[in-house]
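Notes follow once the structure below has been shown.
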Amino acid sequence: MIQNLLDRALAQARPAVELGEPASYIPELGKVDKRQLGVCLYTLEGGRYSAGDTRVRFSIQSISKVISLAAALERRGFDTVFQQVGMEPSGDAFNSLVRLETSESHPSNPMINSGAIAVDSYLAPVISFEEMLAFTRALCLDREISLDERVYRSEMSNISRNRAIAYLLENKGVIQSDVEQTLDFYVKMCSLSVTAESLAGLGLVLASGGVDPNTGARLLKAETARVVKTIMLTCGMYNDSGQFAVRVGIPSKSGVGGGILSVVDRRMGIGIFGPALNQKGNSVAGEKLLEYLSAQLDLHIFAEQK
Ligand code: GLU
């Protein structure tokens with residue numbers, strides 16, 4: 001039944017790929033075929049369902065902010081992470097620095113670039129990129145995740161805006177470690193190559209409170225999983241998070257590589273790949289897919305009792 005539903009969800013969302021474009025401000029991302037679309041759903045009971053392009057590798061981009069936040073909470077603790085990074089939706093674009101300069105002394109939340117760069121500045125001095133890669137592979141239940149060197153180089157050669165954010169954060173005392181090391185760490189995390197399956201794996205681990213339900217191994221503290229899911233619900237879909245929460249109601253995080261990671265608490269993880277993006281930077285067809293699945297399977301966090 002779930003497989004049929006996924007097939008139908010894919011078919012009804014597919015026309016929407018024509019309504020968006022791949023991100024092109026990182027030149028390497030602009031080369032991706034925008035008509036690709038895939039959805040993968042893993043349930044806590046062990047069900048695994050896929051439809052479409054679920055094994056195609058693509059750039060994780062901002063979804064890595066979830067992994068960095070989880071690592072920082074585990075390694076540095078809640079108080080350190082949230083001392084100078086807020087928990088509020090920003091309402092601005094993901095790469096904005098306007099609020100940072102005009103009204104706030106710290107980033108609004110860890111899901112926008114300024115917040116993620118700050119979080120990475122707490123991690124970079126204490127954990128190597130290789131350790132982060134191993135952590136990412138474990139959380140996504142995917143041993144093949146690796147760094148996409150071309151995306152990494154492409155992003156590093158277009159880094160001015162994030163470099164401006166990082167130095168502004170240093171100027172405000174939010175970043176106290178090496179800025180260039182932090183930027184390199186941030187871009188490497190954004191350049192990891194994943195599939196819709198890897199995102200479903202990560203969603204599954206978060207849905208089960210930080211445990212891999214296949215093995216019973218605890219990969220994250222329950223508190224870490226709770227904090228991450230809450231921030232995803234309020235801030236995960238850029239400055240579209242509010243309307244997405246109303247219409248879909250599933251804690252999610254998108255990335256400009258076209259991925260969406262979704263967590264239906266205690267039930268399932270969903271991974272989506274659809275590189276045609278809307279103006280806000282979210283996968284157009286991916287959002288449609290999730291809206292359909294949410295309605296059909298009653299996945300909204302506040303779904304009416306039937
Ligand atoms: N690496 C991207 C950037 O910093 C991430 C953007 C995103 O996926 O939202 O611009």
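All ligand and atom numbering here is 1-based and tracks the order in the structure. Every heavy atom of this structure was used, including side-chain atoms; hydrogens, water molecules and symmetry mates were not.
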Knowing that exactly one of Phe273, Phe58, Tyr42 qualifies, which makes a side chain to side chain contact (heavy atoms under 4.5 Å, CB included) with Leu199? Phe58
Side chain or backbone of Cys190 under 4.0 Å from ligand 1, or both, or neither, by non-hydrogen atoms? side chain
For the CG atom of Asp265 and the OG atom of Ser208, what is their distance to the nearest 0.5 Å? 9.0 Å
What residue and atom, counting heavy atoms only, is the protein's closest point to atom 6 (C) of ligand 1, and at what distance? Tyr25 OH, 3.3 Å
Which of the atoms of ligand 1 are close to Asn113, meaning less than 4.0 Å from one of its heavy atoms? 3 (C), 4 (O), 10 (O)
Starting from atom 5 (C) of ligand 1, locate the nearest protein heavy atom and write down its residue, its atom name and how far away it is, to 0.1 Å. Gln61 OE1, 3.2 Å
Any idea which part of Glu155 is under 4.0 Å from ligand 1, heavy-atom wise: side chain, backbone, both or neither? side chain
Give the numbers and elements of all ligand 1 atoms closer than 4.0 Å to a heavy atom of Tyr238. 7 (C), 8 (O), 9 (O)
Can you report which non-hydrogen protein atom sits closest to atom 7 (C) of ligand 1, along with the distance? Ser62 OG, 2.7 Å
Any heavy atom of Val256 under 4.0 Å from ligand 1? The part involved is both
Ligand 1 and Asn162, any nitrogen or oxygen pair closer than 3.5 angstrom? yes
Atom pair CG/CZ of Leu290 and Phe244 - distance to nearest 0.5 Å: 5.0 Å
For ligand 1, which atoms, with element, lie under 4.0 Å from some heavy atom of Gly255? 8 (O)
State whether Tyr167 and Lys172 meet the cation-pi test: NZ (Lys) or CZ (Arg) under 6.0 Å from the six-membered ring centroid, and within 45° of the perpendicular axis. no
Count the heavy atoms of every other residue, nucleotide or ligand shown that sit under 6.0 Å from CZ of Arg137, and state whether that count exceeds 12. yes
Does a side-chain heavy-atom distance below 4.5 Å link Tyr186 with Lys65? yes
So, Asp53 side chain and Val56 main chain: donor-acceptor pair closer than 3.5 Å or not? no
